[in-house]
Amino acid sequence: MTKTLVQPGHPRSAVVTGAARGIGRAIAVELVDRGYQVVVTDLDAESAKVTAGEIGAPLGLGLDVTDPAATRGVAEEARILAPLGAWVCNAGVGFDGDLSDLTEAQIRTLVDVNILGVVWGSRIATEVFRAQAAEGIKGGDIGVTASLSSHGPVPGLSMYAATKAAALSLVTSLSVELKRDRIRVHAICPDGVDTEMVREMESGGKAQSLVASGTFFQPAQVARELVEMFGTRRVYRTMPLWRGIQTRVTALAPGPTMRLEPVLVRMGRRKIRKGKFV
């Protein structure tokens with residue numbers, strides 16, 4: 001049974017970025033089911049509107065998360081529906097390849113979307129929550145879609161992993177900074193997820209093979225685990241836990257532990273060949 005997070009007679013809105021498809025869409029669906037008036041946002045405005053109509057959300061808007069003014073405008077639209085109750089920084093990009101293989105444009109996009117997009121969303125949501133608190137409506141939740149790669153080294157996804165590690169670091173610090181405001185901050189750190197980003201990686205390449213060596217999730221599973229943290233003081237959750245422990249260990253001793261990388265790559269490629277991945 002789905003637990004409602006919105007009290008009867010006290011409507012709250014929620015904003016989800018990058019929500020036209022994939023994990024973002026699944027998070028929007030989960031929040032609609034939990035009673036929020038959800039604003040579906042995406043860089044592709046038309047797709048955001050279509051998704052909103054399909055899932056029963058009242059509003060779909062275009063949003064470039066790297067633009068703080070546009071982000072603030074979306075927050076104002078959400079408050080017209082109902083006081084803001086949740087903001088989910090889900091929009092993200094991923095380019096596989098070694099750092100030396102990426103273009104300057106790809107590197108800048110990774111930083112601008114995966115880090116600054118989270119910064120602007122979190123900052124503006126905090127502004128709104130504090131303004132509402134002055135009006136007697138206290139608290140709120142900020143959610144962030146991070147990644148298992150935020151915990152340790154991921155050859156072939158080094159720049160992507162760095163941006164997700166930065167996002168997770170921001171979440172853990174904000175959770176303390178905003179505690180007195182009763183603003184709860186959460187991140188979900190999943191292993192591989194059935195998304196367009198993973199499917200578009202080089203087939204059988206190093207990055208996709210490392211992802212394939214672990215556990216593969218559906219977007220709805222990730223969405224549920226993130227939203228289950230709302231209303232609690234749980235800061236982040238890793239899916240699955242054993243992969244989180246494994247990745248943390250590699251971060252502590254990358255030299256010796258990453259000698260296993262070729263083994264993991266072979267395991268992943270075997271799963272890909274057998275059709276057990278993407």
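Computation of the quantities below employed the complete heavy-atom set of this structure, encompassing side-chain atoms and omitting hydrogens, waters and symmetry-equivalent molecules. Since the model is a prediction, treat every value here as computed from it, not as a measurement.
- Listed for the T247 side chain is a donor-acceptor partner under 3.5 Å among the backbone atoms of R243.
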(message) Under the criterion side-chain contact (heavy atoms from CB on, under 4.5 Å), I'd like the reasoning laid out for F95 against T103: C-alpha separation, chi angles, the key distance, then a yes or no.
(response) CA-CA 10 Å; F95 305 109; T103 66; over 6 Å; no

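- Across Y236, F230, W87, a single residue satisfies ring-ring contact (aromatic ring centres under 6.0 Å, His included) together with H186, and that is F230.
- Using a 4.5 Å heavy-atom cutoff, the side chains of V65 and W120 are not in contact.
- Between V40 and I55, the closest side-chain pair of non-hydrogen atoms falls below 4.5 Å.
- Tracing side-chain contacts under 4.5 Å through hydrophobic residues (I, L, V, M, F, W, Y), one never reaches L148 starting from L168; they form parts of separate clusters.
- Distance SG/C189 to CG/L241: 11.5 Å, rounded to 0.5 Å.
- Summarising the geometry, atom CE belonging to M159 is positioned 14.0 Å from atom CG belonging to D101; distances are rounded to the nearest 0.5 Å.
- The backbone N or O of V93 lies less than 3.5 Å from a partner atom in the side chain of N114, making a donor-acceptor pair.
- Atom CZ of R233 and atom CZ of R182 lie 9.0 Å apart (nearest 0.5 Å).
- Side chain of T163 to main chain of V111: no donor-acceptor pair is present (N/O by atom type, distance under 3.5 Å, no hydrogens or angles).
- The CD1 atom of I142 sits 5.5 Å away from the CZ atom of F129 when rounded to the nearest 0.5 Å.
- In this structure a side-chain-to-backbone donor-acceptor pair under 3.5 Å is present from T41 to V16.
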(request) Kindly indicate, with the supporting measurements, whether the criterion salt bridge (Lys or Arg N to Asp or Glu O under 4.0 Å) is fulfilled by E30 and R34. (result) CA-CA 6 Å; E30 189 73 25; R34 304 291 183 120; 2.9 Å; yes

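- Within 6.0 Å of CZ in R234 there are more than 12 heavy atoms belonging to other residues, nucleotides or ligands.
- Remark: the backbone N or O of S147 is paired with a side-chain donor or acceptor of S150 at under 3.5 angstrom.
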(request) Evaluate the criterion side-chain contact (heavy atoms from CB on, under 4.5 Å) for residue pair M229 and D141; output intermediate values, then yes/no. (result) CA-CA 9 Å; M229 289 187 277; D141 290 275; over 6 Å; no

(request) Could you walk me through whether R21 and D42 pass the side-chain contact (heavy atoms from CB on, under 4.5 Å) test, one step at a time? (result) CA-CA 9 Å; R21 60 189 64 80; D42 199 274; 3.8 Å; yes

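- Judged purely by atom type and a 3.5 angstrom limit, N90 has no side-chain atom pairing as donor or acceptor with the backbone of T145.
- Two residues are said to be in side-chain contact when any heavy atoms from C-beta on lie closer than 4.5 Å; E77 and V39 fail this criterion.
- Between the CD1 atom in I188 and the CD atom in Q221 there is a gap of 11.0 Å [rounded to 0.5 Å].
- With hydrogens and angles disregarded, a donor-acceptor distance shorter than 3.5 Å links the side chain of T17 to the backbone of A91.
- No donor-acceptor pair closer than 3.5 Å links the side chain of T51 to the backbone N or O of A48.
- Two residues are said to be in side-chain contact when any heavy atoms from C-beta on lie closer than 4.5 Å; L174 and S122 meet this criterion.
- Side chain of R12 to main chain of L84: a donor-acceptor pair is present (N/O by atom type, distance under 3.5 Å, no hydrogens or angles).
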(message) Please determine whether salt bridge (Lys or Arg N to Asp or Glu O under 4.0 Å) holds for the pair R237 and E228, giving the CA-CA distance in whole Å, both sets of side-chain angles, and the decisive distance to 0.1 Å.
(response) CA-CA 10 Å; R237 179 168 288 157; E228 279 290 329; 6.0 Å; no

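- Looking only at side-chain heavy atoms (C-beta outward), P240 and F217 come within less than 4.5 Å of each other.
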